[in-house]
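Single-structure report; data block below.
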Amino acid sequence: MSSTEHSGSSTATEQEKQHLPARTDSSAVTFPEGGTAGWLTVLGSALILFSTFGVSLSFGVLEDHYTRIFLNHNSASEVSWIGSMQLFLDFGLGLPAGKLFDDGHFRLLMITGTVIFLFSFFMLSICQANHYYQVFLSQGVGMGIGMGLLFVPAVSLPSHYFKAKRSLVMGMAFAGSALGGVVFPIILNHLINGPVGFHWGIRTVAFITTILLIIGNLLTKPRLPTRKQRAPEDNAVLKLILKDFPYWLSVLGAFLVLWGLFFPYFYLQLYAVLHGIDKNVAFYTITVLNAATVVGRLVPNLLADMYGPLNVAIPMTTVSGCLVFAMLNLNNVTSLFVFSAFYGCQSVGFIRPVSIQSSSSRIGIAMFILSIPLLTGAPLQGALLHPPEYTWWRGVLFSGVVQLTGVVLMILSRAMVAHRKGTWRSPHLFNSMLHIPFRRTKNTSELKNGLQSILAGGALDNDPSEDIKEEILRRTRVFYFNRVTGHAITMEEAREFEHTQKEAGVDVSSHSSTSNSDSATAVLSFAKLQALIEAGKEDQIPNNKLIPDILNEDVPSASAAPVRKKPWEISTEDAQAP
């Protein structure tokens, strides 16, 4: 209970202070890397994504059914707006949903999103044929809002329990949506195109998702501190994000990739049916496509933990951009299913770094911007098809070109980040970071107000441990270093630098109390020196100097020292003296 909860009391009693939550930092909290609660949360997140995003990945089945039967008065482009609106709201609500999640309203998001999603799903089951607005409002708007409220908690919670295995467990959670994209197309195809019909087919799937979402709500729970419990400087990152050009370049690249990525997901089954493939066989194209994404979500995420998410996403997205052009030559069942398998495996390699490899603020901003191509991509491609003629090369060309252009921007962004991180990891840069807030800040009032805000925010309430106090000082140094220099060093990078310095025998803590960084240099043993050289970490060797391979070829400078006289010249001058 907060001391300011009752307006009539100006100060909190000692008993109330004992119950005040200590201000902590999410990065200072250790990660259990599993445990019962951790693995149950991963399972719950997978069930939520299975029931929501998995249903949206089945829209290719409904696109085909709506275009040919249920909404045959509307064009393929108009029908695709329904699925696009779903994806738009799923990503577009990431910004407000992320803020509510950070503020500790996890359960409110889960319950509200579940209720809205299920209510809209059942409303879809009572829509009438060729009443486009009914389907659009229930499936596009209603189910999209419910998915948007559930998506951020589902993809964020596994990272509360895992750090070293974070990419792998996130791949496992996203595999739930892939499995949903396998199961639901089969169910929908057999029900809505069989004796049951559209209404009871949709109703049956809605009942299945009801059970799974309830289980998912019961299994998931947050673990890390909320925004209110973190240090105040955590929440002042917008200015740094706005100046981060590589970040915006990567977002623009992701924008272009997503603009063309979902073309096969929406139109592949329709393509197969219109090209003479047996309907009973063509119905499984979306199933095969989504089944391949299970492998595409697990293996790349495992590799991302070792090589970095962008290093995995860039080549996979390049392959998917090239594969789109193969759609123009899918003339038989074998080629159709081979394409589905390969494209499904490669295309999802891009989703992981877009979704979760960043801070919550960056994720929310990126998801809001990336909702625009998800909204406009499929309708634009449907218009390019120009039904009823269906000029497929137009949609294929657009999808492939924008994906490959996005890859180029992602490569440029990665190169800029790699260059910048090479500067960040210079020991001199980090050594200056350790005391720059207290020596170089020109606006001392800003520093004073910043430190006062930390104290006023309750960061030192309840006599926190020395580790928490040191973490507060570390965060303050990093924050004001970024403010003064314009860099964007993260806490993870600062902590990694301190760890490597300690391994090298350097007492990093001494930097906090001295302005001379060289005073903390320690003498390395031969074993440590050999280990650093073999690991290629010569930059971590104290006082290491780079000796050039060739001599200096510049012309020697003229000496400024006076010309020394010879002994007999000196004796002659003494003899001539009066």
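Nothing here was measured: the structure is a model prediction, and the numbers come from that model.
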Q) Could you walk me through whether Phe184 and Asn290 pass the side chain to side chain contact (heavy atoms under 4.5 Å, CB included) check? A) CA-CA 10 Å; Phe184 289 126; Asn290 289 319; over 6 Å; no
Apply side chain to side chain contact (heavy atoms under 4.5 Å, CB included) to the pair Leu336 and Leu268, showing each step before the final yes or no. CA-CA 9 Å; Leu336 188 68; Leu268 185 59; 3.9 Å; yes
Mind running side chain to side chain contact (heavy atoms under 4.5 Å, CB included) on Leu330 and Phe337 for me, showing each step along the way? CA-CA 9 Å; Leu330 302 180; Phe337 285 123; over 6 Å; no
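Using a 4.5 Å heavy-atom cutoff, the side chains of Leu412 and Leu249 are in contact. Side-chain atoms of Ser84 and Phe262, non-hydrogen and from C-beta on, never get closer than 4.5 Å to each other.
Evaluation of the side chain to side chain donor-acceptor pair (under 3.5 Å) test over residues 41-58, restricted to residues two or more places apart or in two chains, returns none. Identified under the salt bridge (Lys or Arg N to Asp or Glu O under 4.0 Å) test for residues 118-131, with sequence neighbours left out: none. Legend: side chain to side chain donor-acceptor pair (under 3.5 Å) pairs involving residues 400-410, not counting sequence neighbours, sorted by first then second residue: Ser320-Gln403, Tyr343-Gln403, Ser399-Gln403.
Here the shortest heavy-atom pairing between Leu57 and Ile286 reads O-CG2, 3.7 Å. Considering every non-hydrogen atom in both Ala206 and Thr209, the closest pair reads O-OG1, 2.8 Å. Residues Leu261 and Ser347 share a closest heavy-atom pair of CD1-CB, 3.7 Å. The two residues Ala292 and Ser340 have their closest heavy-atom pair at CB-O, 4.2 Å. The two residues Ser77 and Pro379 come nearest to each other via the heavy atoms OG-O, 2.9 Å. Minimum interatomic distance between Phe50 and Leu179 (heavy atoms only, all atoms of both residues): CE1-C, 3.5 Å.
In terms of the side-chain contact (heavy atoms from CB on, under 4.5 Å) criterion, residue partners of Leu218 (sequence neighbours excluded) are, by chain and number, Ile214. Not counting sequence neighbours, Tyr271 has no partner by the side chain to side chain donor-acceptor pair (under 3.5 Å) test. Scanning for ring-ring contact (aromatic ring centres under 6.0 Å, His included) contacts around Phe207 gives Phe122, with sequence neighbours left out. For Asn331, there are no side-chain contact (heavy atoms from CB on, under 4.5 Å) partners, not counting sequence neighbours. In this view, Ile411 and Ile314, Val407 satisfy the side-chain contact (heavy atoms from CB on, under 4.5 Å) rule, not counting sequence neighbours. Shown here are the salt bridge (charged side-chain N to carboxylate O under 4.0 Å, His left out) partners of Arg68, two or more places apart in sequence or in another chain: Asp64. Every residue meeting the side-chain contact (heavy atoms from CB on, under 4.5 Å) condition with Ser120, not counting sequence neighbours, appears here in chain and number order: Ile116, Met143.
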Kindly list each side-chain donor-acceptor pair under 3.5 angstrom involving residues 381-393, sequence neighbours excluded, with atom names and distances?
residue	atom	partner	partner atom	Å
Gln381	NE2	Trp259	O	2.7
His386	ND1	Glu389	OE1	2.9

Output side-chain donor-acceptor pairs under 3.5 Å for residues 187-200, partner residues at least two apart or in another chain, one line each.
residue	atom	partner	partner atom	Å
Asn189	OD1	Asn193	ND2	3.4
Asn189	ND2	Pro185	O	3.1
Asn189	ND2	Phe283	O	2.8
His190	ND1	Ile186	O	2.9
Asn193	OD1	His65	ND1	3.4
Asn193	ND2	Asn189	O	3.2
His199	NE2	Cys127	O	2.7

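Remark: Ile208 CD1 to Arg203 CZ distance equals 13.5 Å, nearest 0.5 Å. Within the model, atoms CE of Met147 and CZ of Phe88 stand 13.0 Å from one another, a figure rounded to the nearest 0.5 Å. For the atom pair CE (Met327) and CZ (Phe263), the distance works out to 4.5 Å, reported to the nearest 0.5 Å. Remark: Gln134 CD to Ile126 CD1 distance equals 8.0 Å, nearest 0.5 Å. In this structure, Ile145 CD1 and Met85 CE are separated by 9.5 Å, a value rounded to the nearest 0.5 Å. Summarising the geometry, atom CZ belonging to Phe151 is positioned 6.5 Å from atom CG belonging to Leu49; distances are rounded to the nearest 0.5 Å.
A donor-acceptor contact shorter than 3.5 Å is absent between the side chain of Glu63 and the backbone of Leu270. Put simply, the side chain of Asn217 gets close to the backbone of Leu213: a donor and an acceptor are under 3.5 Å apart. At least one donor-acceptor pair under 3.5 Å links the side chain of Asn130 to the backbone N or O of Asn72. A distance-only check finds no donor-acceptor pair linking the side chain of Ser413 to the backbone of Leu409 [under 3.5 Å].
Between Tyr132 and Phe136, the ring planes lie parallel to each other; the angle is under 30°, not in the 30° to 60° tilted range.
For Phe59 and Tyr265, the ring centers sit 6.0 Å or farther from each other.
Among the candidates Val402, Thr317, Leu404, the single residue satisfying the side-chain contact (heavy atoms from CB on, under 4.5 Å) test with Val257 is Thr317.
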